[in-house]
Amino acid sequence: MTTLSPENSLSARLSASFILVKRKPPIDKTEWDGFFDENGQLAKSRDFICVNILERGLHPFVRTEAWKFLTGYYSWQSSRDERLTVDSTKRKNYEALCQMYEKIQPLLENLHRNFTETRNNIIHDIQKLYDKDPLGNVLIDKKRLEKILLLSYVCNTQAEYQQGFHEMVMLFQLMVEHEHEIFWLFQFFLQKIEHSCVINIGVGKNLDMLNNLINFLDPVFAEHLKGKGAGAVQSLFPWFCLCFQRAFKSFDDVWRLWEVLLTGKPCRNFQVLVAYSLLRMVREQVLQESMAGDDILMACNTLVDLDADELISAACLVYAELIQKDVPQPLKDFFL
């Protein structure tokens, strides 16, 4: 049986508590402010806060500031004054990036074929976004969205633009007010989850480990996926590229899952356990109807309007199951 480290033992206990106990109210502004001392430094440990975020979530009034810690925009050891300095520096750095981009844009247009193609892809993707609420109020600024995505593409040498980034940035635009905050939060978010959502960095590894997890925990399902359902798992890459955002019923549900992924709790690479939990939702239908790969993918695409807490709870159950078994080394290295 797998020997758990103290950290993993804590994760196992919090997984069980998340599953068995009705979720307490999310961390609100009063409680969040109570985590800091008179100098604005955190008086609670990072681990304490992350466990509470996993178990309870964040109130919308807290989310913006909390995410700055979770993404690495703020240091967990910073004081109030240091964070004010960070905000000022990030704003100035963003303005400098914008000025640099304006100077080199003509050069990029003339000499960099990929730039023109990527810009056209970004514009096309953004135009497809529905930018109004049910009352007709405009939710997002599409021009600002285009600017941030283009600047991100020019500045980011690893995470090239991929379809879905426009939806991610839209969610950051809905969360924070200032343009420089949207840009930098998106950059830090990508750095934190690039091994989950960026195609040329980590998506393939996630799909491979999802296959390994199915083989280990559910041999019957694995056998079907190797035979008639061949290719289905590899076709699920949009789950990871989009960080599951199209599976949920509301933006709050998307943010709820994303902030859990940012905590690193209850284990590393929790996103693969989330994907496994989604597959379990269609397992019985797949086996009963002996579905082929394309039909499995269609069934997975019907998984929408989900509740984030229910999905997180299901994934925690998978983790609790996993740590009770004699886990093969590749899975142990990946999750434990």
Residue pair Asp253 / Ser250, side-chain donor-acceptor N/O under 3.5 Å: yes

Tyr74 and Phe69 aromatic ring geometry - parallel, tilted or perpendicular at 30°/60° bounds: perpendicular

Side-chain donor/acceptor of Arg83 to backbone N/O of Gly40, under 3.5 Å: yes

Tyr153 and Glu160: side chain donor to acceptor below 3.5 Å: no

Residues Glu181, Lys90: salt bridge by 4.0 Å N-O rule: no

Mutual orientation of the aromatic rings belonging to Phe186 and Phe165 [parallel < 30°, tilted 30-60°, perpendicular > 60°]: perpendicular

His178 and His180 aromatic ring geometry - parallel, tilted or perpendicular at 30°/60° bounds: parallel

Side-chain H-bond candidate by donor/acceptor type, Asp125 with Tyr161, under 3.5 Å: yes

Sub-6.0 Å ring centroid separation between Phe188 and Trp67: no

Side chains of Thr116 and Glu109, donor plus acceptor under 3.5 Å: no

Carboxylate-amine/guanidinium proximity below 4.0 Å for Glu95 and Arg91: yes

Check: Thr89 side chain, Thr85 main-chain N or O, donor-acceptor pair, under 3.5 Å: yes

Test side-chain contact (heavy atoms from CB on, under 4.5 Å) applied to Ser75 - qualifying residues, sequence neighbours left out: Gln77, Ser78

Donor-acceptor under 3.5 Å (Asn39 side chain, Ser79 main chain): no

Gln324 side-chain N/O to Tyr319 backbone N/O, donor-acceptor pair under 3.5 Å: no

